[in-house]
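Lettering of chains follows the sequences in order, A, B, ..., and the numbering in each one begins at 1.
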Protein chains: 2
Amino acid sequence: MQSSRLDWDDVRVALAVARHGTLAGAARALGVNHATVMRRVGRIEAAAGLALFDRTARGYALAPGRRRVLAAMEDMERASEGLIRALANARAPMAGTVHVTSTDTLCLTVLPGVAAEIAGAAEGVKIDIKAENRHADLARLDADVAVRPAASLPEGLVGTRAARMGFAVYASPEAPAHWLGLSGALSRARPAAWLAEAIPPAQIAASADSFLVLREMAAAGQGRAILPAILGEADPRLRRLDGAMPPLATEIWVATHRDLAGVPRIRLVRDMIAESLGRRAAQLLGPAAANAP
Amino acid sequence: MQSSRLDWDDVRVALAVARHGTLAGAARALGVNHATVMRRVGRIEAAAGLALFDRTARGYALAPGRRRVLAAMEDMERASEGLIRALANARAPMAGTVHVTSTDTLCLTVLPGVAAEIAGAAEGVKIDIKAENRHADLARLDADVAVRPAASLPEGLVGTRAARMGFAVYASPEAPAHWLGLSGALSRARPAAWLAEAIPPAQIAASADSFLVLREMAAAGQGRAILPAILGEADPRLRRLDGAMPPLATEIWVATHRDLAGVPRIRLVRDMIAESLGRRAAQLLGPAAANAP
DNA sequence: GAAGGTCTGTGCAAAAATGCAATCATCGCG
DNA sequence: CGCGATGATTGCATTTTTGCACAGACCTTC
């Protein structure tokens, strides 16, 4: 093709180099010779009229000031993944409903956006979201896909850690001194363990088994609530109290029953949810819990 | 590279074939031989495991049921354009503020989204939006970029027709019989001309010089208002009255003063606004005005 | 400080992609 | 119905790309 125009496929190798930091590593990942990778990086830089990498004897490092360029290349990668999904769907059209269960927090924040993405990618696949704060249904699994903050994955389920949910303490600006407790299903969550240790029961004014309810209680000035960052940060009525609790976070698992993992449409939905959550990782983790356990 | 994996650059040629409908036409557009185009289409179909085109002796037609695939390929193209912009910006970093003027309707609907896109693409470029319903400032141009519904472009400005703004009649469900008029700067708009012809002045209950004000008046049940589809469709308080007015639409121009058209950051903003408006063309035109003059 | 490993960079031969030109099919038009 | 135009397809020569092998640089480890 023409020498001056940007070869889209070169973007893929530039991305691999940016990720691995070396020509050799990128070459292994791509399954080609490292000389090829070097020449194609040289070609894309020539086409771009600009150096993308700093070359050292130890590897290729992304040149300073190229973050936006890298982000644009990642956009292309995402688009290519969307194309691959569209092709898979055209090859073997999927249809049917996939039942997704998650906590009420996630069902009201990120999952609707994911559902819209899926509707755009696979014509016949509908997703049905069921908010369910109990953990028990993970084993019974009357849903096809479960999206759950949890320390580990129960036996019989397969899935991935897609992101981490960060927690922080939030309260209305009047800043009451007492706390709001976590009851019911929430009492197994990681923040509940800290609360039980650090805060004497006398300081707990009220409690609830839903972060959404806790958020409203906190906004009404009833106390300090431990909330997922994604809930607390978005609420203008609340302020984050940074020193009140050490950074805390939990893995978010996206899982299906082992027997269902092979069903194409279920697999598609699981993968898209995991990918979409990964894209929102920073938002889910929040500013306070960057280095939490 | 590997034969089974999707070559991103092949997506570009598949897109060209889908657009031109023939191998030869796509080859001309890409500046390569048609034999190359044919072999690369064959390759991407092999990699996809699926035929994308129906081959006839008259050309290549997109196979039925491939609309989603085409849309995904267009997503990739958009991402590649974003990459090219990011590269241009990295090559010659732009900085400074671009002043954009438009009608209050557009300033409140599509332009904020566009501004966010620009902020994501070019680090140092800020955009300042000024709502101004008068047309006079097009000639003086105390802004850098003007986004205006108008029949034609005044002398001294250069730009493109980016989309079309469709109009329809909206009213609250109580459906009053009388109308709301267009005054001030709006009296030059195309819907005003129809209103002056078709509706006797006695039937006009009130008027305003802003579609936003007219929308509120209509929502309050004060009469039937001619509104841009993008305003009327999004408002749950309003219903569209389809037979009340023939389909009507106006070109939306995205323009700069000729002397400023060469300034890189201004050119960038103008092009991104035009592209972004084009992406929202259906939304701007609305369901009623598909075949309006 | 030598040895082993990893990495970049570069000739050279093999493989693949491309351009060219010829052929065949189809459509529109006089 | 023949004629010209447009376009797909295919064989072949050429150009480009890739893989391979090797050299040199740098780091880690013993």
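Of the candidate nucleotides D:dG7, D:dT9, D:dC20, D:dG7 has the atom nearest to the side chain of B:R28. For B:T36, the side-chain atoms get nearest to C:dG19 when compared with the rest of D:dA8, C:dG19, D:dT18. Counting only heavy atoms from C-beta on, B:R39 has its side chain closest to C:dT18 among D:dG7, C:dG9, C:dT18. Closest approach to the B:N33 side chain among D:dT9, C:dG19, D:dA21 is made by C:dG19 (side chain taken as heavy atoms from C-beta onward). Closest to the A:R40 side chain, of the nucleotides D:dT10, D:dC27, D:dT18, is D:dT18.
In plain terms, the two heavy atoms of A:M76 and B:L83 that are nearest each other are SD-CD2, 4.1 Å.
When atom types are taken as modelled, the side chain of A:R190 and the backbone of A:A249 share a donor-acceptor pair closer than 3.5 angstrom.
Just one residue in the list A:R280, A:R78, A:R85 forms a salt bridge (charged side-chain N to carboxylate O under 4.0 Å, His left out) with A:E117, and that residue is A:R280.
Between A:Y60 and C:dT6 there is no side-chain N or O to OP1 or OP2 distance below 4.0 Å.
For the pair B:H20 NE2 and D:dA8 P, the interatomic distance rounds to 12 Å; values are reported in whole Å. At whole-Å resolution of the value, CG in B:D9 and P in C:dA16 are 19 Å apart. Across the protein-nucleic acid pair, A:L30 atom CG and D:dT18 atom C1' stand 14 Å apart, rounded to whole Å. One atom, CZ of B:R58, and another, P of D:dT9, lie 15 Å apart when rounded to the nearest Å. Summarising the geometry, the separation between CG on A:D54 and C1' on C:dC7 is reported as 16 Å, rounded to the nearest angstrom. Rounded to whole Å, the distance from CZ on A:R55 to P on C:dT10 is 11 Å. The separation between B:R43 atom CZ and C:dA15 atom P is 18 Å, rounded to whole Å. Atom CG in B:L23 sits roughly 4 Å away from atom P in D:dA8 (whole-Å rounding).
When side chains are defined from C-beta on, B:M94 does not count as touching B:E123, because their heavy atoms never get closer than 4.5 Å. The shortest side-chain heavy-atom distance between A:V147 and A:L277 falls under the 4.5 Å cut-off.
In this structure, A:A24 reaches the sugar-phosphate backbone alone: every heavy-atom distance under 4.0 Å involves primed, P, OP1 or OP2 atoms, never a base.
Atoms CE and CZ, from B:M73 and B:R66 in turn, are 10.5 Å apart once rounded to the nearest 0.5 Å.
Along DNA chain C, the nucleotide closest to A:M38 and the one closest to A:A57 are compared, and the more 5′ of them pairs with A:A57. Position along DNA chain D of the nearest nucleotide to B:G25 versus A:A35 favours B:G25 as the more 5'-ward residue.
Applying the side chain to side chain donor-acceptor pair (under 3.5 Å) definition to pairs two or more places apart or across chains, those involving residues 14-33 of chain A are A:R19-A:E77.
Helix bend of the helix from C:dG1-D:dC30 to C:dG30-D:dC1: the angle between its two end axes, each built from five pairs, comes to 30° after rounding to 10°.
By the side chain to side chain donor-acceptor pair (under 3.5 Å) test, B:D10 is found to be paired with B:R40, B:R43, residues two or more places apart in sequence or in another chain being considered.
A donor-acceptor contact under 3.5 Å is formed by the side chain of A:H34 with the base of C:dG9.
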